[in-house]
2 protein chains.
Amino acid sequence: MVSSKDVAKFAGVSQTTVSRVLNAPETVKEKTRQRVLDAIETLNYHPNAIARSLVSNSTRSIALVSGPLHNPFFADSVTAIIQFARLQGYQVTVHFEDLGSNESVFESLAKSKVDGMILSSIYLEDPIFSKLSRFGVPFVFFNRKPVEPSHFVEIDNVHAGRLGARHLLDLGHRHIAWVGGPQTMSTFAGRYAGFREVMNENGYVTKPSWTVVTDTSPQHIHKQMIRLLKEKEKPTAIFAATDSIAIYVLDVLKSMGYRVPEDISVLGIDNVTWSGHSSFNLTTIGATYPKNLGQVGVEILFSIMESPSEKWIQKTIPVHLIPRGTTASI
Amino acid sequence: MVSSKDVAKFAGVSQTTVSRVLNAPETVKEKTRQRVLDAIETLNYHPNAIARSLVSNSTRSIALVSGPLHNPFFADSVTAIIQFARLQGYQVTVHFEDLGSNESVFESLAKSKVDGMILSSIYLEDPIFSKLSRFGVPFVFFNRKPVEPSHFVEIDNVHAGRLGARHLLDLGHRHIAWVGGPQTMSTFAGRYAGFREVMNENGYVTKPSWTVVTDTSPQHIHKQMIRLLKEKEKPTAIFAATDSIAIYVLDVLKSMGYRVPEDISVLGIDNVTWSGHSSFNLTTIGATYPKNLGQVGVEILFSIMESPSEKWIQKTIPVHLIPRGTTASI
DNA sequence: CGAAAAAATGAATACGTAACCATTCAAAGG
DNA sequence: CCTTTGAATGGTTACGTATTCATTTTTTCG
């Protein structure tokens, strides 16, 4: 591997000068600078970012801990985050949450000395949180928030739940099933709370057997849906906690011969890009905000990376209903 | 930042011993080892991977250059690659191809000293190829191959094109449009060649205005489809070069009121997970191979990383038709 | 022309770790 | 109890860069 010393020897200068040519070109005489640049070119020298990181104590890379890409929400946000980071000259190492064995993910993060972390994967009360804080690396949550104070960006989950419930009630639905994820995650907890509030306010109960908790995997959603549809009394509408869940629900319903929305209405939350696809045409609830949630998160991350603030930056983005074709009056 | 020196001082041993506790625990006496481990615990020490990389000349990370995640093929393969790499203790930095300005991606790769690279993004004849070779880092292509000899894994693109053409001809279609991507990419070139071969063998021509070249973005596909559907003579079937394209074609067709397959048949290639979704139920052509193509690629990468081989590892995976609901006889 | 100021360059060091070589320590054998 | 052997530990250096401080070279101007 060719180093700056090799370049220095070749150009007949000191290693210091080579370093200067790269980092402060204006401080070195035109003539020698050209000689060094020529040497760099002929030797095909590339500065070693590892060594550079060691002294500068900055890797120009951030870590992203994301949910699974089969959820279009995450496919969208991962894309936005990587693109934005690149514009700032940062690389992104991507990790996936791994329910249960997240430990090893964080273990590797602790060592790799990233300059910042952005993560969507955390439980409301997560022991990992205190570990994170001890790393001394700035971190931001998007689409999740822990109970401890922290930087985060999320949509107004409670209001999203409320809006959805109201929409379905307005359409005349009274038998509404909820298909969500673990209540230990802020997203699901908030959305469900909003849904339930409105139901109760209007004197309707949320039947326990119509409240489905899944691990958000296609397989599990499939299994749970089969169970739900075997009930003697069937719901007339299904409120899915995320578009991703809703899309898998649609899959099950259609494959079983149900017509949507004629036989049953389906509603999601997130307004992922795919939901607008005419094959889904999913009614959903999404941010009143053009920017991707992941990008908002990474913007916050960079702002606290360059000027650490004692204040917590916490954004809750308002939401609105996006009516499309999967919901109809009863 | 707490270093191994700090741990050493705290435990009353030398830095060397701390290093040994981590890398060769059996060579240090039980008692002192325990003392060091305690010190590590109390000081919350995490070995600095950067410094470690500098001396070991290995970052335990690989770079992935992927196509866009709105293409489910890449969402699938990125997931498979990251998961597999993690099992080997490797991190993955993800980059997206950026048609035109790939330079900057490779510039950052040159510096970051990854242990290997896996990439889907390259043209048949790409000036980037020679740069890559000079890095001295093992690299593998998946779903793409350059003209220069290299390691790669792909599906049998030509045969996929042939299979698709035959399928549509067997169903009685004669007016078949092709919607693909740049012919400068091996995937598109191979698939189109196979399609064309079979058409010509059977005495049918491929009408130029029915051969649509897109940049594979949803927007461009949309625009080109509108143009295609304005032709006075309309195709009865559309052969899309990828499932991703096919899915966007479906979007356009459905939003314009076409029924698939009654009015028009649609066929894709790749057998991405989403294609089996009942909202698409896309007839497609895919590998006769349970493993994700990206994973096959990263397996090859790790094998050449641990034992560099002079021989090129080149896998072309056989394909078969997966008949579903978007194709029907005329 | 000569002194002072400014510009350009070089030598030495630190970053945190692993590895090599040297040294100390403990155990075993006579 | 002393010697030999092997185990355990410590000192030093290298990895490739940026940075600080010292030194040399060039420029400026009286």
Query raised in the report: Separation of B:D6 atom CG from C:dT17 atom C1', in whole Å?
Result: 13 Å
Requested in this report: Can you spot which of B:I62, B:V140, B:L109 makes a side-chain contact (heavy atoms from CB on, under 4.5 Å) with B:M117?
Outcome: B:L109
Query raised in the report: Between B:S4 and C:dT17, does any side-chain N or O lie under 4.0 Å from OP1 or OP2?
Result: yes
**Report entry** Residue A:L54, side-chain atoms from C-beta onward, closest of D:dT9, D:dT17, C:dC15
**Finding:** C:dC15
Query raised in the report: What's the NZ-P distance between B:K113 and D:dG16, to the nearest Å?
Result: 9 Å
Query raised in the report: Between D:dG11 atom C1' and B:K5 atom NZ, what is the distance in whole Å?
Result: 12 Å
Query raised in the report: Can you find a donor-acceptor N/O pair under 3.5 angstrom joining the side chain of B:Q15 to the base of C:dA18?
Result: yes
Query raised in the report: If each of B:T27 and B:V55 is mapped to the nucleotide of DNA chain D with the nearest heavy atom, which maps nearer the 5' terminus, i.e. the 5' end?
Result: B:T27
Requested in this report: Rounded off to whole Å, could you give me the CD-to-C1' distance for the A:Q34 and C:dA8 pair?
Outcome: 17 Å
Report summary line: Whole-Å distance, A:R20 CZ to D:dA18 C1', equals 10 Å
Report task. Could you tell me the separation between the OH atom of B:Y45 and the P atom of C:dG16, rounded to a whole number of Å? Result -> 10 Å
Requested in this report: Side chain of A:R52 only, please: which of D:dT17, C:dT9, C:dA18 is the nearest?
Outcome: D:dT17
Query raised in the report: From the list C:dC20, D:dT9, D:dT17, which nucleotide is the closest neighbour of the side chain of B:T16?
Result: C:dC20
Query raised in the report: Separation of A:N48 atom CG from D:dA14 atom P, in whole Å?
Result: 18 Å
Requested in this report: Could you tell me whether a side-chain N or O of B:H151 sits under 3.5 Å from a main-chain N or O of B:I313, the two making a donor and an acceptor?
Outcome: yes
Query raised in the report: Without hydrogens or angle criteria, can the side chains of A:T187 and A:N157 be said to hold a donor-acceptor pair below 3.5 Å?
Result: no
Query raised in the report: Taking for each residue the nucleotide of DNA chain C with the nearest heavy atom, is it B:K29 or B:A49 whose nucleotide lies nearer the 5' end?
Result: B:A49
**Report entry** Any side-chain donor near an acceptor of the partner, A:S77 and A:N292, under 3.5 Å
**Finding:** no
Requested in this report: Quick one: label A:T17 by what it contacts on the DNA or RNA (base, sugar-phosphate, nothing), any heavy atom closer than 4.0 Å.
Outcome: sugar-phosphate
Requested in this report: Choose from D:dA18, C:dT17, D:dT17 the nucleotide whose nearest atom is closest to any side-chain atom of B:S3.
Outcome: C:dT17
